[in-house]
J.: 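My structure is below; once you've seen it, I'll send some questions.
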Amino acid sequence: MMNYDIIFFDIDDTLFDFTKAEQVAFNKVFDQYHLFNSLKLYKKSYQEISKGLWRDLENGKMNLDELGSERFRRLFLKHELELDAVVFNEDYLGFLGEQTHLVQGAEKVISDLSHKRLAIITNGYTDVQTARINNSPLEGIFEHIIISESTGFQKPHTGIFDYAFDKLQIKDKSTVLMVGDSLTSDIQGGNNYGIDTCWFNPKYKENNTSLKPTYEISKLESLLEIIE
């Protein structure tokens, strides 16, 4: 057991249920455009396209602005829909910002750790991520909310961790723990920066990478045993 004073949390699929948020926002925006008939088909294509683009983003091949409209541009092209991808993406992000579904145990864990210094390091859109936190029970709890769009760096880039350490004025890396669900973003980012990492893996995914998290948990509550 280590004595961590500062805990960095990822947001999506770590504290917030992004799968649910995405599903609700996706349904709402397609409903708004009266495109509910082939929704299942669109959703499958969208997830494949989006996954590839987020990978490109992590690898620095694309920026967030491009990603937003590009995913819908490719989707509309594939299904021969004549819609403005930029406007559609803005509407989608508006609905996404309204979604505040928390992962099971998130509220309790954050409450139990409120005596520690807690911060967010997340990839994503500043307006969307800020709205989701501010409209949730986790509002006002984090010392800093560090979002890739505002910093110009995506996890796993060390730049976003430099930014976080500067903001929180951290001198000792051994007092920090990074908690997240993504091996290629959260764990690689933390490993690259030389801080301990905790992989939140509720679906018991196999780790087929060379990345080694310091800890692995399947329930958020298990974090309390590591930290306390």
J.: Distance from L81 atom CG to F30 atom CZ, nearest 0.5 Å?
T.: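 Here the interatomic distance stands at 7.0 Å.
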
J.: Tell me, do K167 and E143 make a side-chain contact under 4.5 Å, heavy atoms counted?
T.: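 Not touching, per the 4.5 Å side-chain cut-off.
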
J.: Is it the case that one hydrophobic cluster holds both I141 and L113, taking links as side-chain heavy atoms less than 4.5 Å apart, direct or via other members?
T.: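 Yes, I141 and L113 fall within the same hydrophobic cluster.
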
J.: Is Q99 reaching over with its side chain to a backbone N or O of F95, donor-acceptor style, under 3.5 angstrom?
T.: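 Answer holds: yes.
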
J.: Do you know which two heavy atoms are closest between Q129 and D12, and how far apart they sit?
T.: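 Shortest heavy-atom contact: NE2-OD2, 3.2 Å.
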
J.: Does E70 pair with R73 as a salt bridge, N-O distance under 4.0 Å?
T.: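 Result for this pair is yes, salt bridge flagged.
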
J.: Can you give me the closest heavy-atom contact between L168 and A119, atom names plus distance?
T.: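 Closest approach of L168 to A119: CD2-CB, 4.0 Å.
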
J.: Quick one: are P213 and N207 in side-chain contact, heavy atoms under 4.5 Å?
T.: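 Answer yes - side chains close enough.
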
J.: Tell me whether the rings of F76 and F88 are parallel (<30°), tilted (30 to 60°) or perpendicular (>60°).
T.: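 The arrangement is perpendicular - the two ring planes meet at more than 60°.
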
J.: Measure centre to centre between the rings of Y163 and F153, then say whether the value is under 6.0 Å.
T.: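 Between F153 and Y163, which both carry aromatic rings, the centre distance is not below 6.0 Å.
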
J.: For I146, does its backbone N or O pair with a side-chain atom of S150 as donor and acceptor, under 3.5 Å?
T.: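 Not confirmed, S150 side chain does not pair with I146 backbone.
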
J.: Answer yes or no: are there more than 12 heavy-atom neighbours, outside H115 itself, under 6.0 Å from its atom NE2?
T.: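 For H115, atom NE2 is crowded (more than 12 foreign heavy atoms under 6.0 Å).
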
J.: Grab the two heavy atoms, one from G97 and one from N135, that are nearest each other, plus how far apart they are.
T.: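 Scanning both residues, the minimum pair turns out to be O-ND2, 4.1 Å.
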
J.: Among T175, I226, V179, which residue meets the side-chain contact (heavy atoms from CB on, under 4.5 Å) test with Y4?
T.: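 By the side-chain contact (heavy atoms from CB on, under 4.5 Å) criterion, Y4 pairs with just one of T175, I226, V179: I226.
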
J.: Go through it in stages, so that I can follow the logic: the residues are K44 and K40, the test is side-chain contact (heavy atoms from CB on, under 4.5 Å), and I'd like the CA-CA distance, side-chain angles, deciding distance and then a yes or no.
T.: CA-CA 6 Å; K44 190 174 184 297; K40 211 171 178 181; over 6 Å; no

J.: What's the verdict on side-chain contact (heavy atoms from CB on, under 4.5 Å) for L183 and W199, showing C-alpha distance, side-chain angles and the deciding distance?
T.: CA-CA 7 Å; L183 285 167; W199 183 31; 3.7 Å; yes

J.: Nearest heavy-atom pair of Y42 and L75: which atoms, and what distance?
T.: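 Distance-wise, the nearest heavy atoms are O-CD1, 3.5 Å.
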
J.: Mind checking whether I120 and I7 sit in one hydrophobic cluster, side chains of I, L, V, M, F, W, Y counted as touching below 4.5 Å?
T.: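 Yes, because I120 and I7 connect within a single hydrophobic cluster, where side-chain heavy atoms sit under 4.5 Å apart.
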
J.: If you define the side chain from C-beta out and look only at heavy atoms, does anything of H101 sit under 4.5 Å from Q23?
T.: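 No - every pair of side-chain heavy atoms lies 4.5 Å or more apart.
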
J.: Can you find a pair of side-chain heavy atoms, one from V87 and one from Y33, that are under 4.5 Å apart?
T.: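 Result yes, sub-4.5 Å side-chain heavy-atom pair found.
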
J.: Rounded to the nearest 0.5 Å, how far does CD of E149 lie from CG of L64?
T.: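 Here the interatomic distance stands at 5.5 Å.
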
J.: Given the rule that I, L, V, M, F, W and Y join up when any side-chain heavy atoms are under 4.5 Å apart, are L211 and F200 in one cluster?
T.: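 No.
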
J.: Of the non-hydrogen atoms in D65 and N63, which two are nearest, and what is the gap between them?
T.: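 In this case the closest contact between D65 and N63 is N-OD1, 3.1 Å.
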
J.: With a 4.5 Å limit on heavy-atom distance, are the side chains of L96 and F18 in contact?
T.: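 Yes; the side chains approach each other to less than 4.5 Å.
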
J.: Output yes when a side-chain donor or acceptor of R74 lies under 3.5 Å from a complementary backbone atom of R71, and no otherwise.
T.: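 Pair absent, no side-chain N/O of R74 close to backbone of R71.
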
J.: Just wondering, do D10 and S182 contact through their side chains at under 4.5 Å, heavy atoms?
T.: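 The answer is no, as the side chains (C-beta and beyond) never meet within the 4.5 Å cut-off.
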
J.: Of all the heavy-atom pairs spanning S136 and I133, show the shortest one and how long it is.
T.: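 Scanning both residues, the minimum pair turns out to be OG-O, 2.9 Å.
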
J.: Aromatic rings F72 and Y92: how do their planes relate, parallel, tilted or perpendicular, breaks at 30° and 60°?
T.: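 It falls in the perpendicular class, over 60°.
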
J.: Strictly distance-based, threshold 3.5 Å: is any side-chain N or O of S111 a donor or acceptor partner for the main-chain N or O of E107?
T.: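 No; zero donor-acceptor contacts below 3.5 Å.
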
J.: Looking only at atom types and distance, does a side-chain atom of N59 sit under 3.5 Å from a main-chain N or O of R55, one as donor and one as acceptor?
T.: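 Yes; at least one donor-acceptor contact below 3.5 Å.
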
J.: Do the non-hydrogen side-chain atoms of L35 and L83 ever get within less than 4.5 Å of each other?
T.: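 Contact flag for L35/L83 side chains = yes.
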
J.: Quick check: is Y193 connected to L118 through a chain of hydrophobic side chains (ILVMFWY, heavy atoms under 4.5 Å apart)?
T.: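 L118 and Y193: separate clusters.
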
J.: Applying side-chain contact (heavy atoms from CB on, under 4.5 Å), run through V109 and E221 and close with a yes or a no.
T.: CA-CA 6 Å; V109 167; E221 289 94 331; 4.3 Å; yes

J.: Could you tell me whether the side chains of D17 and Q104 share a donor-acceptor contact shorter than 3.5 Å?
T.: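 No, because no side-chain N or O of D17 sits under 3.5 Å from a partner of the opposite role on Q104.
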
J.: Would you say the side chain of W54 lies within less than 4.5 Å of the side chain of L57, judging by non-hydrogen atoms?
T.: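 Side-chain contact under 4.5 Å: yes.
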
J.: More than 12 foreign heavy atoms under 6.0 Å from NZ of K173: is that the case here?
T.: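 It does: K173 NZ has more than 12 such atoms within range.
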
J.: So, S38 and H79: side-chain donor and acceptor under 3.5 Å apart, yes or no?
T.: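 Looking only at side-chain atoms, H79 and S38 do not form any donor-acceptor pair under 3.5 Å.
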
J.: List the steps and the verdict of side-chain contact (heavy atoms from CB on, under 4.5 Å) for R117 and D5.
T.: CA-CA 6 Å; R117 295 180 70 191; D5 298 322; 5.6 Å; no

J.: Rounded to the nearest 0.5 Å, what's the gap from CD on Q154 to CG on D56? Could you check?
T.: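 Answer for the CD-CG pair, Q154 versus D56, is 11.5 Å.
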
J.: Calculate, to the nearest 0.5 Å, the distance between atoms CG and CD1 belonging to L223 and I217 respectively.
T.: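 L223 atom CG to I217 atom CD1 measures 5.0 Å (nearest 0.5 Å).
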
J.: Given T197, which of K212, Q188, M178, E216 fulfils the side-chain contact (heavy atoms from CB on, under 4.5 Å) condition?
T.: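 Running side-chain contact (heavy atoms from CB on, under 4.5 Å) over K212, Q188, M178, E216 with T197 returns exactly one hit, M178.
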
J.: Establish whether I147 and I11 are linked, either directly or via other cluster members, by ILVMFWY side-chain heavy-atom contacts under 4.5 Å.
T.: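 Yes, it is one cluster - the side chains of I147 and I11 are joined through contacts under 4.5 Å.
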
J.: Nearest 0.5 Å, what's the CG-CG distance between D91 and D84?
T.: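 So the CG of D91 and the CG of D84 are separated by 9.5 Å.
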
J.: Do the side chain of N27 and the main chain of D31 share a donor and acceptor less than 3.5 angstrom apart?
T.: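 Pair absent, no side-chain N/O of N27 close to backbone of D31.
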
J.: Strictly distance-based, threshold 3.5 Å: is any side-chain N or O of S148 a donor or acceptor partner for the main-chain N or O of G124?
T.: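 Judged by distance alone, yes, a pair lies under 3.5 Å.
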
J.: Have T14 and D181 got a donor and an acceptor in their side chains that come within less than 3.5 Å?
T.: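 Per modelled atom types, T14 and D181 side chains form a pair under 3.5 Å.
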
J.: Among D186, N192, T122, whose side-chain hydrogen bond (donor to acceptor under 3.5 Å, both in side chains) with K155 holds?
T.: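 Result for side-chain hydrogen bond (donor to acceptor under 3.5 Å, both in side chains) with K155: D186.
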
J.: Could you state the interatomic distance from CG (L220) to CG (L15), rounded to the nearest 0.5 Å?
T.: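 Going from CG on L220 over to CG on L15, the span is 6.5 Å.
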
